[in-house]
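Shown next, in structure tokens, is the structure this report addresses.
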Number of protein chains: 2
Amino acid sequence: MVDSNQVPTRGPGRPPLRSEDETRALIIAAAARAFLETGYIRTGIDTIARDAGVSTRTLYRLFAAKEDLLKQAMEARIDAAFGSLDAARGTKADPRASLEALLSGYTDLALSDEAVRLTRLIAAEGQQVPALAESYRQATARITGAFEAWVREHQRNGFLRPGNTETAANLLRGTVNEAQRQILLGLRDAFAPAERRDWVKTSVALFLDGFAA
Amino acid sequence: MVDSNQVPTRGPGRPPLRSEDETRALIIAAAARAFLETGYIRTGIDTIARDAGVSTRTLYRLFAAKEDLLKQAMEARIDAAFGSLDAARGTKADPRASLEALLSGYTDLALSDEAVRLTRLIAAEGQQVPALAESYRQATARITGAFEAWVREHQRNGFLRPGNTETAANLLRGTVNEAQRQILLGLRDAFAPAERRDWVKTSVALFLDGFAA
DNA sequence: AAATAAAGAAAACAATGATTTTCCAAATTT
DNA sequence: AAATTTGGAAAATCATTGTTTTCTTTATTT
């Protein structure tokens, strides 16, 4: 090998303040913050650049257009927010505890401020930017899958009565999403943590009352 | 009494093409169409005026600003779409039939193209225009009420096992809203009518399996 | 020091959009 | 016919925005 390695020898001229990747990350973070706060259309490029501490010149050197910024910023956030559901939470020995863990994990995730804002943005822009809707779809598919897997397993081992797996999982997941929907649409305030715990317990109790064998 | 009545005697001058109320209605209809199709911000005043067949001059004589147009147009549509749930549908003698009627009525309503678009718009603009969110809240409160009333009544008469009424009603309504949410977010296509009927039957069957006494 | 590249500041550009104003062609009454 | 009102067409205003360009300062290497 020759020498060309880690630190590429620079020619003359001022070195970059930071690597391009760092600058990109700063911009993406600022963009995500602004988009989630104010919405895509209402957010100006200048605001993003100012918040990121760069000039629009730099911004446009790294991103082709505002819409690319939206895609990249949101994809990162969607993965971070919805990719994190720990499926292992639903595998405790005691079925009730395991369901509580699963539902409580998803509840924490789905009712977080971040997830509510993200989902609101998908509702508003998903039609216009199909790539966004697609990211969201992929990220949430894992969650649907986790619920169906839980139901199927507990139908198989006799804890739940047998029946339409998909519909039962839907019923279960629907309780959380219904809460998210109400927050999203301004029909109710966000849950306080304590309230959230009670709510999970109540929902699990009701579901098991109905569907435990 | 003197004479001043129905048809106020006009002075000289060209008479209006239509009454102000008719013109208002034309504009509101065009605005609602456009807002539901394209979203509030993306819809230009010129488009609305053109679709309504009036000039912007006329439009601004009758509406103070674009936002008033949004409020008035959406309030009318929200009332029309969500105010129409016939609570009487849930009062048949046979409890299963009565639940099917209630759920099917709400499903037709909530999964209609109109309701999905309306809800999407509330998600996008409800924060910025609180009056809108408020209309939506009021219109949908009746529906929540209808579900709770059904559950309460059938808990009382022994058809359903007793329990947390609100949570049970939530579970029930949640199934429909979850479907709406999936359409809204582009997670699935709209239901075909036949599919919708099957879906209601399945949901009712599952719910009653679980909660009938 | 001279040459050079990075990147902010700010202006320039072009488009769009909400709102207002001007001008004008009907349609009526007196 | 004269006076008068309605409301469309279109231009004018004024602000905002996405995007590009110019200018300038600064931190480097040779």
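Computed from a predicted model, the values in this text were never measured in an experiment. By convention in this document, chain letters (A, B, ...) are assigned in the order of the sequence lines, proteins followed by strands, and residues within each chain are numbered from 1.
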**Study point:** From Leu184(A) atom CG to Leu121(A) atom CG, the distance as rounded to the nearest 0.5 Å
**Key:** 10.5 Å
Review point. Should Tyr60(B) be listed as having a side-chain N or O under 4.0 Å from OP1 or OP2 of dT19(C)?
Key: yes
Study note, to complete from the structure: side-chain contact (heavy atoms from CB on, under 4.5 Å) filter on Lys201(B), not counting sequence neighbours, yields Glu100(B)
Review point. Between atom CZ in Arg14(B) and atom P in dA2(D), what is the gap in whole Å?
Key: 21 Å
Practice item. Please name all residues satisfying side-chain hydrogen bond (donor to acceptor under 3.5 Å, both in side chains) with Arg142(A), sequence neighbours left out, ordered by chain then number. Key: none
Review point. Do Thr107(A) and Ser104(A) meet the criterion of a side-chain donor-acceptor pair at a distance under 3.5 Å?
Key: no
Review point. Between residues 18-28 of chain B and DNA chain C, which residues have a heavy-atom gap below 4.0 Å?
Key: none
**Study point:** Phosphate OP1/OP2 of dA7(C): any Arg61(A) side-chain N/O under 4.0 Å
**Key:** yes
Practice item. For DNA chain C, determine which residues of residues 120-127 of chain B have any heavy atom closer than 4.0 angstrom to one of its atoms, and list them numerically. Key: none
Practice item. Please list all pairs passing the salt bridge (Lys or Arg N to Asp or Glu O under 4.0 Å) test where one or both residues lie in residues 109-138 of chain B, with sequence neighbours left out. Key: Arg42(A)-Glu125(B), Glu37(B)-Arg117(B), Arg77(B)-Glu114(B), Asp113(B)-Arg117(B), Glu134(B)-Arg137(B)
Check your understanding: What are the residues of residues 41-58 of chain B, sorted by number, that bring a heavy atom to within less than 4.0 Å of DNA chain C?
Key -> Thr43(B), Gly44(B), Ile45(B), Thr56(B), Arg57(B)
Exercise for review: Output every pair passing salt bridge (Lys or Arg N to Asp or Glu O under 4.0 Å) with a member in residues 61-75 of chain B, not counting sequence neighbours, ordered by first then second residue.
Suggested key: Glu20(B)-Arg61(B)
Review point. Of the nucleotides dG7(D), dA7(C), dG18(D), which one has an atom closest to the side chain of Pro16(A)?
Key: dA7(C)
Check your understanding: side-chain hydrogen bond (donor to acceptor under 3.5 Å, both in side chains) with Arg33(A): which residues, sequence neighbours excluded?
Key -> none
Check your understanding: Using the benzene-type ring in the case of Trp, are the ring centres of Phe211(B) and Phe211(A) under 6.0 Å apart?
Key -> yes
**Study point:** Comparing Leu59(A) and Lys66(B) on DNA chain C - which has the more 5′ nearest nucleotide
**Key:** Leu59(A)
Check your understanding: Does one side chain, of Ser98(B) or Trp150(B), offer a donor that lies under 3.5 Å from an acceptor on the other?
Key -> yes
Check your understanding: Who are the side-chain hydrogen bond (donor to acceptor under 3.5 Å, both in side chains) partners of Asp79(B), not counting sequence neighbours?
Key -> none
Revision key, fill the gap. Between CG of Leu62(B) and P of dT6(D) the distance, given in whole Å, is 12 Å
Check your understanding: Can you tell me how far the CD atom of Gln138(A) sits from the CD1 atom of Ile78(A), to the nearest 0.5 Å?
Key -> 10.0 Å
Practice item. Go through the structure and list residues passing side-chain hydrogen bond (donor to acceptor under 3.5 Å, both in side chains) with Glu166(B), not counting sequence neighbours. Key: none
**Study point:** Non-neighbouring partners of Glu178(A) that pass side-chain contact (heavy atoms from CB on, under 4.5 Å), sequence neighbours left out
**Key:** Arg181(A), Gln182(A), Asn170(B), Arg173(B), Asn177(B)
Exercise for review: Would you mind reading off the bend of the helix from dA1(C)-dT30(D) to dT30(C)-dA1(D) from its two end axes, five pairs each, to 10 degrees?
Suggested key: 20°
